[in-house]
Peer 1: 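A single structure is presented below for examination.
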Amino acid sequence: MTAFPNLFTPLDTGSVTLRNRIVMGSMHTGLEDRAWHTRRLAEYYATRARGGAGLIITGGHSPNRQGPLLPFGAQLVNRAQARRHRIITRAVHRAGAAIALQILHAGRYAYVPWSVSASRIKAPIDPFTPRALSGPNVDSTVDDYVHCAELARYAGYDGVEIMGGEGYLVNQFLAPRTNHRTDEWGGTPRNRRRFAVEIARRTRAALGPDFLIVFRLSMADLVEDGQTWDEIVVLARELEEAGVSMLNTDIGWHESRVPTIVTSVPRAAFVEFTAELKSHVGIPVCASNRINVPDTAEAILTRGDADLVSMARPLLADPDWPVKARSDRADEINTCIACNQACLDHAFANKTVSCLVNPRAGHETRLELLPTRRARGVAVVGAGPAGLSAAVGLAECGHGVDLFEAADRIGGQFDLARRIPGKEEFAQTLRYFTRRIDTLGVHLHLGTRATVDGLIDGGYDDVVLATGVRPRAPEIPGVDHPSVLTYADLLRQARPVGDRVAVIGAGGIGFDVCEYLTVAGSPTLHLREWKREWGVTDPRSDVRGAVTAVAPIPAARQVVLLQRKSSRFGAGLGRTTGWVHRAAVAARGVEQIGGVRYECIDDRGLTVVHTDGRRQLIEVDDIVLCTGQESVRDLETGLRDAGVGVHVIGGADVAAELDAKRAIRQGTRLAAALGRR
Ligand code: FAD
Ligand code: NAP
Ligand code: SF4
């Protein structure tokens, strides 16, 4: 008996019976784009199938030459390509899961000069202006979708998912924002729907009843001049009539200015849209977006809000998510913290997708933690992300591990990160490591500062120095004034701060600290407040695109953010998340002053000098330093001198541009390398 009975109830889709309600949602990994990565991709999917997913949906494949996201991006247009896909479908079927190929035509989001769309309207996030498809071209594009679905069946797929959301080509036909046509493919809501419905109808007619057709439907475009709710409901009904087997749901276009999947979005924030849609159709409906833990997934099914749940990133983070949930080991799940740092940020930078909390994702055949032939005694110093990943990786390989942490809890800087409003999910990673330390028998010594002598006396074969970073103290006259504190002191609540605060340093931590200082009371925003803050309407509202004016929550205090550079604030923040931090901080009225030199700090506040020589006194009660970090590696020399084998990782290795992604990856790589010895 499982604690999540609804999640593990099989579902008969008409053509294939899924073993449970867990769908691994489509995610472009970058491996689809090159034929020589097929086996690696097959192992990536097979790992998730062995972990218990019911249905896997592949990354998007274009049905023709104009539709890939990038030049030479993934497409399925001929039989030779389809035969290659059999390596993937066989591997997944052997592991007991079903698999569907996603057909995605990017339309005006294709990063190619020959892109096409419903109308000749450039996307704000793409440099190329698309050509408007002629009437006959629209018709032949529909046939390309059908041909692609036929090839998918030839390749052994159980079905296809037609991508109809996120502002890609089908969605471009559906919304008046991008469809200004006056022929049979535009002009009226019915004509705008024709492209989507024809794809579904002709695909069903060509493939017959014994093939899964999933349609990914945009529940809320979250852009001006998007679809209305009534139009979406009518479309869903027409798709059902056209022969679609299942509706998967989707939220927001890529160009939308409402966050939909980043960590500050409350869990399952958009499920009410799915629940509302479900009452209008008879086919199964799948919920998606910010569903990452079994409790949330099960609750959605129990309430009857959806028939299945789709999770893409959570299965990247932990391929064994379903197996663990089913066998009462939910607390062992390596939960996706929705940071986007190694998945979407990589995808947008044209790099292979992986995962911050699971660096093995996408590298299953290259980064393996294999049982060692000779167990070693290893001391790991520091239980921040680097030390934690090294310690559990080494223990997984069979080594005996002592993990020393000077603080009375694990996490290091990551334990500070989880205190930032909207970053509460980061606590999940520490819960995961705590459990892993327990199950693998790592000897954790909390409140124990390791010393050179102690480590030498321990007689370890290897010592891993993961002693991390300490906040940098900048050389500003008056920096030791009582009004000054570091971000670490602030987040550990070493003392209260006043109503007017200056934050020196506008990197990732400076922005996070601004959020911390401006959000009042309970850091976790209630869903209703969050929606109001970002202007998301309720389902059934007649507002086009389901997005209206934003209503920022008043800031708890007056904050000034400063940097020496004259460049744009927050330019170095994450590619797919930086804009959310910038918008949130701006909405809370944080004043941003760049291009300054810090002259002095005294009882009056902080005095800065601008590039034009102008002097400005910023009158504040407190000043928080977010001025970067320096490595802590004071044990290294003593250990090396004593002939101990030392490995330095994470912030202790290089403090500059350090993030938890590098720290965890370095820890895991070291464990894999030592494991082979
Ligand atoms: P640390 O986290 O510094 O850990 C080192 C540990 O070693 C500490 O616990 C320390 O007590 C211990 N130690 C040191 N010396 C000894 C000794 N002699 N004996 C025993 N123990 C010792 N990164 C991201 O990727 N994404 C984010 O969104 C993000 N947000 C952040 C937000 C904030 C507010 C902060 C502060 C950091 C954030 N980071 C983020 C950065 C991330 O937390 C760090 O990059 C990461 O923690 C560095 O890992 P580390 O293990 O190398 O070092
Ligand atoms: P950071 O990004 O390097 O920023 C440090 C800031 O301090 C810089 O903006 C710099 O700006 C300023 N600074 C540096 N030296 C200074 C000096 N001597 N005097 C005055 N100002 C100085 O580092 P961080 O903000 O501390 O973040 C640490 C790491 O955590 C980063 O690598 C980051 O990626 C990661 N992190 C990520 C996120 C995320 O959301 N992904 C969030 C938080 C942290 P000027 O030189 O212009 O003054
Ligand atoms: Fe989730 Fe972050 Fe991993 Fe992406 S990189 S799967 S968002 S934990």
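Keep in mind that what you see is a predicted model, and the values were worked out from it rather than measured. Order of listing sets the numbers, starting from 1, for every ligand and every atom in it. Heavy-atom basis, side chains included; hydrogens, waters and symmetry copies ignored.
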Peer 1: Answer yes or no for V513: is there a heavy-atom contact with ligand 1 below 4.0 Å?
Peer 2: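 Outside the 4.0 Å threshold, so no.
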Peer 1: Among all protein non-hydrogen atoms, which one is nearest to atom 1 (P) of ligand 2, and what is the separation to 0.1 Å?
Peer 2: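 Going by distance alone, atom 1 (P) of ligand 2 is nearest to G507 CA, 4.2 Å.
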Peer 1: Any nitrogen or oxygen of A450, side chain or backbone, less than 3.5 Å from one on ligand 1?
Peer 2: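 Yes, A450 has an N/O under 3.5 Å of an N/O on ligand 1.
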Peer 1: Polar-atom distance check: V469 versus ligand 1, any N or O pair below 3.5 Å?
Peer 2: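 Yes, since at least one N or O of V469 sits under 3.5 Å from an N or O of ligand 1.
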Peer 1: Under a 4.0 Å heavy-atom limit, does R564 contact ligand 2 with its side chain, its backbone, both, or neither?
Peer 2: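 Near ligand 2, R564 shows its backbone as well as its side chain.
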Peer 1: Give yes if a backbone or side-chain nitrogen or oxygen of I509 is under 3.5 Å from a nitrogen or oxygen of ligand 2, and no if not.
Peer 2: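 Such a contact does occur with ligand 2.
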Peer 1: Quick one: look at L356 and ligand 1, take heavy-atom pairs under 4.0 Å, and tell me if it's side chain, backbone, both or neither.
Peer 2: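 For L356, the contact with ligand 1 is made by the side chain alone.
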Peer 1: Mind checking whether F511 contacts ligand 2 via backbone (N, CA, C, O), side chain (CB onward), both or neither, at a 4.0 Å heavy-atom cut-off?
Peer 2: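 Under 4.0 Å from ligand 2, F511 contributes no heavy atoms.
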Peer 1: Which value, rounded to the nearest 0.5 Å, describes the distance between T607 atom OG1 and D602 atom CG?
Peer 2: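 These two atoms lie 5.5 Å from each other.
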Peer 1: Does an N or O anywhere in P385 fall below 3.5 Å from an N or O of ligand 1?
Peer 2: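 It does: an N or O of P385 is found under 3.5 Å from an N or O of ligand 1.
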Peer 1: Heavy-atom pairs closer than 4.0 Å: do any link ligand 1 to the side chain of D659, the backbone, both, or neither?
Peer 2: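 D659 to ligand 1: contacts from backbone and side chain alike.
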Peer 1: Taking heavy atoms and a distance under 4.0 Å, where does K423 meet ligand 1: side chain, backbone, both or neither?
Peer 2: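 Looking at K423 and ligand 1, just side chain atoms fall under 4.0 Å.
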Peer 1: Does atom CZ of R329 have more than 12 heavy-atom neighbours from other groups under 6.0 Å away?
Peer 2: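 Check passes, neighbour count above 12.
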Peer 1: Any N or O of G508 that comes nearer than 3.5 Å to an N or O of ligand 2?
Peer 2: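 Yes: some nitrogen or oxygen of G508 is under 3.5 Å from one in ligand 2.
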Peer 1: Specify the protein heavy atom at minimum distance from atom 44 (C) of ligand 1: its residue, its atom name, and the distance to 0.1 Å.
Peer 2: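 Minimum-distance protein heavy atom for atom 44 (C) of ligand 1 reads Q413 CB, 4.0 Å.
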Peer 1: Taking only non-hydrogen atoms of H581, do any sit less than 4.0 angstrom from ligand 2?
Peer 2: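 Yes, H581 has a heavy atom closer than 4.0 Å to ligand 2.
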Peer 1: Mind checking whether C626 has a heavy atom under 4.0 Å from ligand 2?
Peer 2: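 C626 counts as a contact of ligand 2 under the 4.0 Å cut-off.
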Peer 1: Less than 3.5 Å between some nitrogen or oxygen of A660 and one of ligand 1, yes or no?
Peer 2: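 For ligand 1, there is an N or O atom that lies under 3.5 Å from one belonging to A660.
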Peer 1: V381 to ligand 1: N or O pair under 3.5 Å?
Peer 2: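 In this structure, V381 places no N or O atom under 3.5 Å from an N or O of ligand 1.
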Peer 1: Hey, does D653 sit under 4.0 Å from ligand 1 if you only count heavy atoms?
Peer 2: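 Heavy atoms of D653 never come under 4.0 Å of ligand 1.
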Peer 1: Does the residue F426 have a heavy-atom contact with ligand 1, meaning some pair of atoms that are separated by less than 4.0 Å?
Peer 2: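 Yes.
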Peer 1: Which atoms of ligand 3 are found less than 4.0 Å from any heavy atom of A338?
Peer 2: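 What qualifies from ligand 3 is 1 (Fe), 7 (S).
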Peer 1: Please round to the nearest 0.5 Å and tell me the distance separating atom CG of L403 and atom CG of L446.
Peer 2: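 So the gap between those two atoms works out to 8.0 Å.
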Peer 1: May I ask you to identify, for K423, whether its side chain, its backbone, both or neither come under 4.0 Å of ligand 2 on a heavy-atom basis?
Peer 2: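 Near ligand 2, K423 shows its side chain, while the N, CA, C and O stay back.
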Peer 1: Atom 32 (O) of ligand 2: which protein heavy atom is closest, and how many Å away?
Peer 2: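 The answer is L658 O, 2.5 Å.
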Peer 1: Could you tell me, atom by atom, which parts of ligand 1 come under 4.0 Å of a heavy atom of F414?
Peer 2: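 Every atom of ligand 1 under 4.0 Å from some heavy atom of F414: 43 (O), 47 (O).
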Peer 1: Mind checking whether A506 has a heavy atom under 4.0 Å from ligand 2?
Peer 2: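 Yes.
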Peer 1: Nearest to atom 21 (N) of ligand 2, what protein heavy atom do you find, and at what distance?
Peer 2: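 Here the closest protein heavy atom is T627 CG2, 3.3 Å.
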Peer 1: Name the closest protein heavy atom to atom 51 (O) of ligand 1, giving the residue it belongs to and the distance to 0.1 Å.
Peer 2: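 Result for atom 51 (O) of ligand 1: A386 N, 3.0 Å.
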Peer 1: Please report whether ligand 1 has a polar contact with Y487, defined as an N or O pair separated by less than 3.5 Å (distance criterion only).
Peer 2: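 In this structure, Y487 places no N or O atom under 3.5 Å from an N or O of ligand 1.
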Peer 1: Is there a heavy atom of Y487 sitting under 4.0 angstrom from any atom of ligand 2?
Peer 2: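 No, that is not the case, since the closest heavy atom of the residue is not under 4.0 Å from the ligand.
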Peer 1: Starting from atom 10 (C) of ligand 1, locate the nearest protein heavy atom and write down its residue, its atom name and how far away it is, to 0.1 Å.
Peer 2: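 Result: E405 OE2, 3.5 Å.
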Peer 1: Is the closest heavy-atom distance from T451 to ligand 1 below 4.0 Å?
Peer 2: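 The answer is no, since T451 has no heavy atom less than 4.0 Å from ligand 1.
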Peer 1: Report the C-alpha distance between I623 and V501 in whole Å, list the side-chain angles of each, state the deciding distance to 0.1 Å, and finish with yes or no for side-chain contact (heavy atoms from CB on, under 4.5 Å).
Peer 2: CA-CA 6 Å; I623 296 164; V501 181; over 6 Å; no
Peer 1: Counting only heavy atoms, which portion of T467 has something under 4.0 Å from ligand 1: side chain, backbone, both, or neither?
Peer 2: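 Within the 4.0 Å criterion, T467 contacts ligand 1 through backbone and side-chain atoms alike.
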Peer 1: Between F511 and H581, is the ring centre distance below 6.0 Å?
Peer 2: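 Between H581 and F511, which both carry aromatic rings, the centre distance is not below 6.0 Å.
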Peer 1: Keeping waters out of it, list the protein N, O or S atoms under 2.8 Å from atom 3 (Fe) of ligand 3.
Peer 2: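 As for protein N, O or S atoms lying under 2.8 Å from atom 3 (Fe) of ligand 3, they are C355 SG.
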Peer 1: Given that the side chain starts at C-beta and the backbone is N, CA, C, O, which of these parts of Q341 lies under 4.0 Å from ligand 1, counting heavy atoms, or is it both or neither?
Peer 2: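 Near ligand 1, Q341 shows its side chain, while the N, CA, C and O stay back.
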Peer 1: Using a plain distance cutoff, I'd like to know if A406 has any nitrogen or oxygen under 3.5 Å from a nitrogen or oxygen of ligand 1.
Peer 2: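 It does: an N or O of A406 is found under 3.5 Å from an N or O of ligand 1.
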Peer 1: Looking at side-chain heavy atoms only, is the closest gap between T335 and D318 below 4.5 Å?
Peer 2: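 In short, these two side chains do not touch, never coming nearer than 4.5 Å.
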Peer 1: By number and element, which atoms of ligand 1 are closer than 4.0 Å to a non-hydrogen atom of T448?
Peer 2: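 Listed by number with element: 19 (N), 20 (C).
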Peer 1: In terms of residue, atom name and distance, what is the protein heavy atom nearest to atom 5 (C) of ligand 2?
Peer 2: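 The closest one turns out to be G628 N, 3.6 Å.
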Peer 1: Which class fits the ring pair H254 and F348: parallel under 30°, tilted 30 to 60°, perpendicular over 60°?
Peer 2: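 It falls in the perpendicular class, over 60°.
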Peer 1: Nearest non-hydrogen atom to atom 10 (C) of ligand 2 belongs to which of K565, Q563, R472?
Peer 2: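 Nearest option to atom 10 (C) of ligand 2, by heavy atoms: K565.
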Peer 1: Does any N/O atom on A663 come nearer than 3.5 Å to any N/O atom on ligand 1?
Peer 2: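 No.
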Peer 1: Return yes when at least one protein heavy atom is under 4.0 Å from atom 14 (C) of ligand 1, and no when none is.
Peer 2: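 Protein heavy atoms within 4.0 Å of atom 14 (C) of ligand 1 - there is at least one.
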Peer 1: Please state which part of L491 comes within less than 4.0 Å of ligand 1, counting heavy atoms only: side chain, backbone, both or neither.
Peer 2: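 Side chain only; the backbone of L491 stays clear of ligand 1.
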Peer 1: Heavy-atom distances under 4.0 Å are what count here, so tell me which part of E475 touches ligand 2: side chain, backbone, both or neither.
Peer 2: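 Within the 4.0 Å criterion, E475 makes no contact with ligand 2.
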Peer 1: Does L490 reach the side chain of Y516, with side-chain heavy atoms less than 4.5 Å apart?
Peer 2: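 Sidechains of Y516 and L490: in contact.
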Peer 1: Is it true that E515 and T518 share a donor-acceptor pair across their side chains at a distance under 3.5 Å?
Peer 2: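 No, E515 and T518 have no side-chain donor paired with an acceptor closer than 3.5 Å.
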Peer 1: Please state which part of D512 comes within less than 4.0 Å of ligand 2, counting heavy atoms only: side chain, backbone, both or neither.
Peer 2: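 For D512, only side-chain atoms sit under 4.0 Å from ligand 2.
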Peer 1: Looking only at protein heavy atoms, which one is nearest to atom 26 (O) of ligand 2, and how far off is it?
Peer 2: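 For atom 26 (O) of ligand 2, the nearest protein heavy atom is Q629 NE2, 3.0 Å.
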Peer 1: Does some non-hydrogen atom of A466 fall short of 4.0 Å from ligand 1?
Peer 2: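 Heavy atoms of A466 do come under 4.0 Å of ligand 1.
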Peer 1: Please write down residue, atom name and distance for the protein heavy atom closest to atom 4 (O) of ligand 1.
Peer 2: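 Scanning the protein heavy atoms, the shortest distance from atom 4 (O) of ligand 1 goes to G384 CA, 3.4 Å.
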Peer 1: Is atom 39 (N) of ligand 1 near the protein, in the sense that some protein heavy atom lies at less than 4.0 Å from it?
Peer 2: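 False for atom 39 (N) of ligand 1.
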Peer 1: Counting only heavy atoms closer than 4.0 Å, does ligand 2 sit against the backbone of Q341, its side chain, both, or neither?
Peer 2: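 Near ligand 2, Q341 shows its side chain, while the N, CA, C and O stay back.
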